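Worksheet for the structure shown next.
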Amino acid sequence: MIRAGRRHLVRTLADIAAQQGIAVQTLINSGRLKAEGFPAPLSAGRTRLYDGEQVDAYLAGRPVPPLPTTDDDDDLLDRQEAAALRGMDPQAWDRRKKDPAVSEHTVLVGGVEHWPRHIVRDHTPTPRRSTGTGGGGRPAGVGDQVPRDQLPARVAQLLDEDPTVTAAGVTARLGVHRNTAQAALTALRAERMADVMEQRGASAAQAAAELGYPAGLTRRAGIRAAAVLRGRQAHPYLAEVTRALHARGWTTADTPPAVQHPEDDECVAVLVLDAPDAPAPALVWSERHGWRTATSRRHPLGRGAEWPPPGDGIRHLATGTTPAPADLVTALDSTH
């Protein structure tokens, strides 16, 4: 569980790897996560989360401080912990968490759903409203109209209940367009497959099989998962570039860039240069093409798109390579 007031300290494997300037797979292969004294994960779920204060102490060679042991109403519990608190199995909690009185308090930390202890402990199931047809529940064929910001969590619930759920099944349950359902399923399956690939060193097909995803439903998700994994592996390098750009004064943000994943297998990052004297509005990195300047934070790269030619604010920098951050800054400096 995540103890009250410590959510901001939570770190994922990607965070820990980036902190050491290595790839996630290198961190896993090093055996450090299983070394004596390394902090235990905060929960036993598939996605491992760690307390940052403990990790920092271990990496610095200091004694690892213990976590608080006193229960607090604001402790955040994951799926297994919530089920245990209510004395039910996790599948029963998967049904319980759909109740609006619970779902509106869902907190995503490191991609893992959590709920405050007091919400889990004190929740009373909401009575099902009568439909006026003599039966309880929702009339057949009527789906929820799910707000876009709630869709990932709702689709995750359906996928937890049934790993073989289809886009048609999501549409029937949630009342969203089939294309929207398919996109949400593909993205979520890809993230979960990437987790297994990252932690087990598995292939996309092996990850899909472990998660119970039918092969016929996961071809696109497998491609996307590979791109997600490559994006995570590129994270330390991109974080270095961001720090170099910030030190040069071309960005006011000092956080790693978000790695975007278009529908194909391209891995792309867009860095917004928001300083008044920056040489371009944005800088775009592609694992296949390298670096280029962009005329805006929107970039015309996606499925089937060509790398735009130089001109009109677009300049190619170190094409097809990953130059050291200092070299990239020098190349960008020359565009002034």
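Note that this is a predicted model, so its numbers are computed, not measured.
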Next item on the list: Find out if a path of hydrophobic residues (ILVMFWY) with successive side-chain heavy-atom gaps under 4.5 Å connects V165 to V155.
Entry: yes

Next item on the list: Please report the closest heavy-atom contact between D75 and D71, naming both atoms and the distance.
Entry: OD2-CA, 3.5 Å

Next item on the list: Verify whether one side chain among D195 and Q199 offers a donor that lies under 3.5 Å from an acceptor in the other.
Entry: no

Margin query: Checking Q19 against D56 for the side-chain hydrogen bond (donor to acceptor under 3.5 Å, both in side chains) test, could you report, in this order, the C-alpha distance in whole Å, the side-chain angles of both residues, the deciding distance, and whether it holds?
Written below: CA-CA 9 Å; Q19 181 179 356; D56 288 345; 2.8 Å; yes

Note to self: So Q25 and S30, do their side chains get closer than 4.5 Å, heavy atoms only?
What the structure shows: no

Margin query: Using side-chain heavy atoms (C-beta onward) and a distance below 4.5 Å, is L158 in contact with R173?
Written below: yes

Note to self: Give me the atom names and distance for the closest heavy-atom approach of Q182 to A167.
What the structure shows: OE1-CB, 3.5 Å

Check: With a 4.5 Å heavy-atom cut-off, do E191 and T47 have their side chains touching?
Finding: no

Checklist line | Lys NZ or Arg CZ of R11 over Y50 ring: under 6.0 Å, within 45° | finding: no

Checklist line | Point-to-point distance, once rounded to the nearest 0.5 Å, from CH2 of W115 to OG1 of T106 | finding: 5.5 Å

Note to self: Measuring only between side-chain heavy atoms, which start at C-beta, is L49 closer than 4.5 Å to L13?
What the structure shows: no

Note to self: Can you confirm whether R121 is buried at CZ, in the sense that more than 12 heavy atoms of other residues, nucleotides or ligands lie under 6.0 Å from that atom?
What the structure shows: yes

Note to self: My understanding is that only one of R3, R62, R6 makes a salt bridge (Lys or Arg N to Asp or Glu O under 4.0 Å) with E53; could you say which?
What the structure shows: R6

Next item on the list: Show your working on side-chain contact (heavy atoms from CB on, under 4.5 Å) between D333 and R248 and close with a plain yes or no.
Entry: CA-CA 9 Å; D333 221 354; R248 178 63 179 79; 3.0 Å; yes

Checklist line | Y58 and F38 aromatic ring geometry - parallel, tilted or perpendicular at 30°/60° bounds | finding: perpendicular

Check: Between R189 and T164, which heavy-atom pair has the shortest distance, and what is it?
Finding: NH2-C, 3.8 Å

Check: Do D15 and T12 have a side chain donor and acceptor closer than 3.5 Å?
Finding: yes

Margin query: So, taking the atom named CZ in R230 and the one named CD in Q233, what distance separates them when rounded to the nearest 0.5 Å?
Written below: 8.5 Å

Next item on the list: Supply the atom-to-atom distance L185 CG to T180 OG1, rounded to the nearest 0.5 angstrom.
Entry: 11.0 Å

Notebook entry, point to check: Looking at side-chain heavy atoms only, is the closest gap between V120 and R86 below 4.5 Å?
Noted result: yes

Notebook entry, point to check: Hey, quick one: are V64 and L33 part of the same hydrophobic cluster, counting side-chain heavy atoms closer than 4.5 Å, chains of contacts allowed?
Noted result: yes

Check: Under 3.5 Å, side chain of E81 to main-chain N/O of D78, donor-acceptor pair present?
Finding: yes

Checklist line | Minimum side-chain heavy-atom gap R117-D74 below 4.5 Å | finding: no

Notebook entry, point to check: Is there a donor-acceptor contact under 3.5 Å from the side chain of H114 to the main chain of V112?
Noted result: yes

Check: Do the non-hydrogen side-chain atoms of L76 and M1 ever get within less than 4.5 Å of each other?
Finding: no

Item checked: side-chain contact (heavy atoms from CB on, under 4.5 Å) evaluation trace for H123 with R96 -> CA-CA 9 Å; H123 174 252; R96 178 69 65 90; 3.1 Å; yes

Check: Between CD1 of I2 and CG of L77, what distance do you get to the nearest 0.5 Å?
Finding: 9.5 Å

Check: Is the backbone N or O of A17 less than 3.5 Å from a side-chain atom of Q20, with the two atoms forming a donor-acceptor pair by type?
Finding: no

Next item on the list: Indicate yes or no: does E198 engage R232 in a salt bridge with an N to O separation below 4.0 Å.
Entry: yes

Note to self: Nearest 0.5 Å, please: how far is CG in L67 from CG in L42?
What the structure shows: 6.5 Å

Notebook entry, point to check: Do you know the tightest heavy-atom contact between Y237 and T322?
Noted result: OH-C, 3.4 Å

Margin query: Under the side chain to side chain contact (heavy atoms under 4.5 Å, CB included) test against E210, which residue among R200, R192, M193 passes?
Written below: R200

Notebook entry, point to check: Which distance, rounded to the nearest 0.5 Å, do you find between the OG1 of T330 and the CG of L317?
Noted result: 11.0 Å

Next item on the list: Establish whether V10 and L108 are linked, either directly or via other cluster members, by ILVMFWY side-chain heavy-atom contacts under 4.5 Å.
Entry: no

Next item on the list: Give the C-alpha distance, both sets of side-chain angles, the deciding distance and a yes or no for side-chain contact (heavy atoms from CB on, under 4.5 Å) between W250 and L283.
Entry: CA-CA 11 Å; W250 287 334; L283 190 63; over 6 Å; no

Note to self: Please give me the minimum heavy-atom distance between L238 and A269, naming the atom from each residue.
What the structure shows: CD1-CB, 3.7 Å

Item checked: Connected via hydrophobic side-chain network under 4.5 Å: L229 and L27 -> no

Note to self: Can you tell whether the side chains of K97 and D94 come within less than 4.0 Å, N to carboxylate O?
What the structure shows: yes

Checklist line | Closest approach of L211 to P163 (non-hydrogen atoms, all atoms of both residues) | finding: O-CB, 3.5 Å

Item checked: Donor-acceptor contact below 3.5 Å, side chain T186 vs main chain A183 -> no

Notebook entry, point to check: If you measure only the distance, is there a donor-acceptor pair under 3.5 Å linking the side chains of Q157 and R95?
Noted result: no

Note to self: Has D122 got a side-chain atom pairing as donor or acceptor with I119's backbone, closer than 3.5 angstrom?
What the structure shows: no

Margin query: Here's a test for you: under side chain to side chain contact (heavy atoms under 4.5 Å, CB included), which of D160, V102, L85 qualifies with W93?
Written below: V102

Margin query: For a 4.5 angstrom cut-off between non-hydrogen side-chain atoms, does W291 reach P323?
Written below: yes

